[in-house]
Engineer: 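Would you mind keeping the following structure in view while I ask a few things?
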Number of protein chains: 2
Amino acid sequence: MKENPSAPPVRPRPVTLATVARHAQVHVSTVSRALSADPAGIGADTVLRVRELAAVLGYRRDEGAAGLRTGSSRLIGVLVPRLTDLVLASIYESIDAAASAAGYGTVVANTLDDREHRRVRLDAMLSRRIDGVIIGDSHIGDTVAHELRRSGIPYVLVMRKLEGHLSVTTDDYRGGQLAAEHLLELGHRRVGVIAGDQLASTGRERTLGFRRAFESAGYPLPDPYVVESAFSTPSGLVAAGELMRLPQPPTAIFAVHDLLALGAMGAIRDAGKRVGDDVALIGYNDLDLAATLPVPLTSVRSDLQRMGTLSVEALLTGIKGEPAASVLLPPELIVRATTPPLRA
Amino acid sequence: MKENPSAPPVRPRPVTLATVARHAQVHVSTVSRALSADPAGIGADTVLRVRELAAVLGYRRDEGAAGLRTGSSRLIGVLVPRLTDLVLASIYESIDAAASAAGYGTVVANTLDDREHRRVRLDAMLSRRIDGVIIGDSHIGDTVAHELRRSGIPYVLVMRKLEGHLSVTTDDYRGGQLAAEHLLELGHRRVGVIAGDQLASTGRERTLGFRRAFESAGYPLPDPYVVESAFSTPSGLVAAGELMRLPQPPTAIFAVHDLLALGAMGAIRDAGKRVGDDVALIGYNDLDLAATLPVPLTSVRSDLQRMGTLSVEALLTGIKGEPAASVLLPPELIVRATTPPLRA
DNA sequence: GTCCTTCCTGCAATCGTTTGCGCCTATGGG
DNA sequence: CCCATAGGCGCAAACGATTGCAGGAAGGAC
């Protein structure tokens with residue numbers, strides 16, 4: 001017995017199948033079978049005895065070891081731009097919940113919309129022999145999806161789509177339209193768009209739907225009225241600032257993300273105008289906080305939970321080897337105080 | 001239009017040490033050593049040849065198999081109440097970044113501040129033989145930390161502390177004091193607190209520090225002026241509503257979380273008052289969006305990134321078997337527009 | 001009493017890596 | 001010319017779980 005008081009408490013040797021087998025006086029293979037979901041070919045009393053013993057001893061299956069043998073890690077990887085984007089956090093939450101319910105674990109990675117990060121993190125995931133990937137950060141021109149297809153690893157795109165790849169998204173083009181139609185109806189003619197990242201299908205399609213709707217109503221948007229941005233609050237502040245400094249500032253702004261709208265609120269205030277009465281504002285995604293802002297935000301809602309859940313479903317059927325179909329969810333406009341009737 | 005990239009017929013057999021060994025005409029053990037960080041006892045030319053070959057063939061170390069042999073999964077678990085809480089998302093982001101830089105992977109779990117969820121998710125983590133745990137959701141009366149100590153698995157508490165356990169937190173008591181001192185200086189005497197969850201050390205200490213400061217200034221807070229809550233925007237709306245409906249509503253509100261303050265803004269508006277001029281407001285954590293709100297929010301800042309990074313450091317020294325010390329970071333008051341000088 | 005099922009359980013191989021041990025071949029010293 | 005030494009590699013045994021196969025006992029049919 002060696003005394004080593006400064007060392008941390010000794011980590012007790014984990015309880016394995018062998019431990020249980022020894023106590024139960026049976027072979028480990030019998031224990032394995034008895035503990036499996038369908039203990040075929042094992043006596044009912046043995047099953048009971050083994051299970052009880054396993055519980056008492058605190059047996060825990062080693063997923064790593066099991067995965068080595070079975071070839072499946074029961075782990076799925078999730079790629080997101082960043083989790084501090086509330087939208088992605090929401091989606092990830094429901095992905096994790098759905099996966100967990102199906103007996104899968106998840107690992108997320110922030111890719112920061114950066115090529116190199118994406119590569120490194122995906123590599124780490126593949127090293128863990130993940131069973132599939134949910135891609136929440138797809139970019140036009142990005143190759144992750146192609147690589148996965150080539151390696152034969154099941155994957156699904158969520159939130160952002162990409163031509164020719166399985167995806168679960170909401171109809172962003174339609175969402176842009178909805179926003180435009182609402183503003184047109186209110187009488188707005190000179191409007192601005194905070195367009196987000198144009199390499200993300202969300203930013204592109206929402207902007208496109210919005211633009212087209214104004215075009216076909218006879219009020220096309222000049223280029224300076226559409227400004228690209230990231231998907232963050234500070235970025236919204238900057239972009240809206242540009243819009244407000246135009247010689248003829250817009251009477252309404254469509255921000256393709258609620259956080260952008262939040263930033264826009266700051267810029268509108270900085271310009272000495274009031275949100276709503278002076279400058280109308282529409283956000284996107286209808287986050288919780290949209291409703292409780294000092295001036296409640298009109299926003300296009302997309303069902304984030306549903307997207308997360310469906311993407312897991314699609315991935316799992318893919319993992320089973322069955323074919324899955326892309327899903328396009330309908331958006332919905334939620335009207336609140338930032339888009340009041342226009343005064344004559 | 002092929003829409004099912006998910007399941008090509010055959011998944012190519014992964015490249016293992018054996019594959020590389022065959023091509024290099026050496027034994028797998030040689031390949032293993034050649035590929036290790038310190039290829040001692042292997043000829044320099046062999047090392048080079050093997051590494052090159054491994055790269056060409058696309059060899060990827062199977063972490064699961066390696067972990068089985070070495071007993072370490074190079075994986076750390078992170079428990080958070082929920083990732084849609086921006087504060088926790090920020091912390092997790094920096095945890096993940098720091099862990100990743102140190103060659104570790106992370107798995108998060110939302111525990112929803114719920115006992116059962118915590119148990120289940122921790123169990124799943126232990127099944128993956130994680131090397132350590134970072135607990136971001138500790139609750140007074142919760143047993144997770146005790147269990148981990150008993151099993152001898154290294155762990156660190158972050159954000160929320162618990163008597164007698166290693167933790168990395170900010171001085172929440174001091175933070176509450178800072179908020180109180182500021183309001184006292186401005187001349188506020190009748191104030192309210194949205195106190196958060198009193199089973200979380202954050203909610204408790206921030207509230208306590210604030211209360212004590214007002215007490216010692218001679219203006220103790222009557223009970224109805226301190227209302228408990230969750231840590232979400234809707235919850236802030238409700239709590240502030242209660243405060244505003246008191247016979248003598250407070251002239252200032254301290255919310256122990258920025259999202260609560262956001263909700264409070266809504267309630268103040270609903271009560272027909274203006275944030276800042278009519279009712280002062282202080283939040284906590286100084287999230288990005290605090291600065292860009294229509295009325296920029298005064299907030300107590302805690303360094304979330306730093307907490308995340310330090311918690312990883314502490315955990316890793318714990319994993320190495322060395323002793324680590326708890327850290328208490330200083331908070332800082334950021335004054336903005338929601339706490340203007342009081343008019344006489 | 002013999003033979004054939006049917007049930008239950010054990011045996012052993014396998015997944016991909018790591019690592020203690022031992023063998024072989026140069027090499028240098030005496 | 002012989003021997004000790006060391007560098008470079010291979011061998012094989014783990015780690016913990018799963019699973020095809022085989023074997024043994026009990027029980028029924030004839």
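These numbers were taken from a predicted model, which means no experiment stands behind them. Every chain is numbered from 1 and lettered A, B, ... according to where its sequence line falls, protein lines coming before strand lines. Keep in mind that the numbers below use all heavy atoms, side chains included, and drop hydrogens, waters and symmetry copies.
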Engineer: Test your reading of the model: is there a side-chain donor-acceptor pair from B/Ser201 to the backbone of B/Lys161, 3.5 Å cut-off?
Structural biologist: yes

Engineer: Atom CG in B/Leu316, atom CD1 in B/Ile76: separation rounded to 0.5 Å?
Structural biologist: 6.0 Å

Engineer: Can you tell me the distance, in whole Å, between the CZ atom of A/Arg129 and the P atom of C/dG16?
Structural biologist: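 Rounded to whole Å, this separation is 7 Å.
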
Engineer: Consider side chain to side chain donor-acceptor pair (under 3.5 Å). Of B/Asp114, B/Asp197, B/Thr111, which one does B/His139 pass it with?
Structural biologist: B/Asp197

Engineer: Tell me if the CD atom of A/Glu147 is crowded by more than 12 foreign heavy atoms within 6.0 Å.
Structural biologist: yes

Engineer: Please list, by residue number, the residues of residues 35-59 of chain A whose heavy atoms come closer than 4.0 Å to an atom of DNA chain D; answer none if no residue qualifies.
Structural biologist: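 Result for residues 35-59 of chain A: A/Tyr59, sorted by number.
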
Engineer: Whole angstroms only, please: what is the NE2-P distance between A/His27 and C/dA12?
Structural biologist: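 So the NE2-P distance, A/His27 to C/dA12, works out to 8 Å.
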
Engineer: Is the backbone N or O of A/Leu83 less than 3.5 Å from a side-chain atom of A/Asn110, with the two atoms forming a donor-acceptor pair by type?
Structural biologist: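 Checked: pair present.
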
Engineer: To the nearest angstrom, how far is A/Leu17 atom CG from C/dG10 atom P?
Structural biologist: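 Taking atom P of C/dG10 as the reference, CG of A/Leu17 is at 13 Å.
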
Engineer: Quick one: B/Arg22 CZ to C/dG16 P, roughly how many Å, whole number?
Structural biologist: 11 Å

Engineer: With no hydrogens and no angle check, is any side-chain donor or acceptor of A/Ser167 less than 3.5 Å from a backbone partner on A/Thr169?
Structural biologist: no

Engineer: Using atom types as modelled, flag every donor-acceptor pair under 3.5 Å from a side chain in residues 30-42 of chain B to any protein atom, sequence neighbours excluded.
Structural biologist:
unit_1	atom_1	unit_2	atom_2	d
B/Ser36	OG	B/Arg33	O	2.9
B/Ser36	OG	B/Asp38	O	3.4

Engineer: Within the sub-3.5 Å range, which N or O atoms of nucleotides 13-15 of chain C have a protein N or O partner, and how far apart are they?
Structural biologist:
unit_1	atom_1	unit_2	atom_2	d
C/dT14	O2	A/Arg69	NH1	3.2
C/dC15	O2	A/Arg69	N	3.3

Engineer: Is it the case that the side chains of A/Ser29 and A/His27 hold a donor-acceptor pair, with the cut-off being a distance below 3.5 Å and no angle test?
Structural biologist: yes

Engineer: Should the pair B/Arg160-B/Asp113 be classified as a salt bridge under the 4.0 Å nitrogen-to-oxygen rule?
Structural biologist: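 Looking at B/Arg160 and B/Asp113, the cut-off is met.
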
Engineer: With pairs taken as Watson-Crick or G-U wobble and both distances under 3.5 angstrom, which stems of at least three consecutive pairs involve DNA chain D?
Structural biologist: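 So the stems come out as C:1-30 with D:1-30.
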
Engineer: Suppose the criterion is side-chain hydrogen bond (donor to acceptor under 3.5 Å, both in side chains): which pairs have a residue in residues 87-107 of chain B, not counting sequence neighbours?
Structural biologist: A/Arg82-B/Glu93, A/Thr84-B/Glu93, A/Arg121-B/Asp96, B/Tyr92-B/Thr106, B/Asp96-B/Thr106

Engineer: What are the bounds, 5' to 3', of the part of DNA chain D that sits under 4.0 Å from heavy atoms of chain A?
Structural biologist: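 Listing 5' to 3', DNA chain D meets chain A from D/dC15 to D/dG20.
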
Engineer: Counting distance only, does the side-chain N/O of B/Arg118 pair as donor-acceptor with the main-chain N or O of B/Asp137 below 3.5 Å?
Structural biologist: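 Present.
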
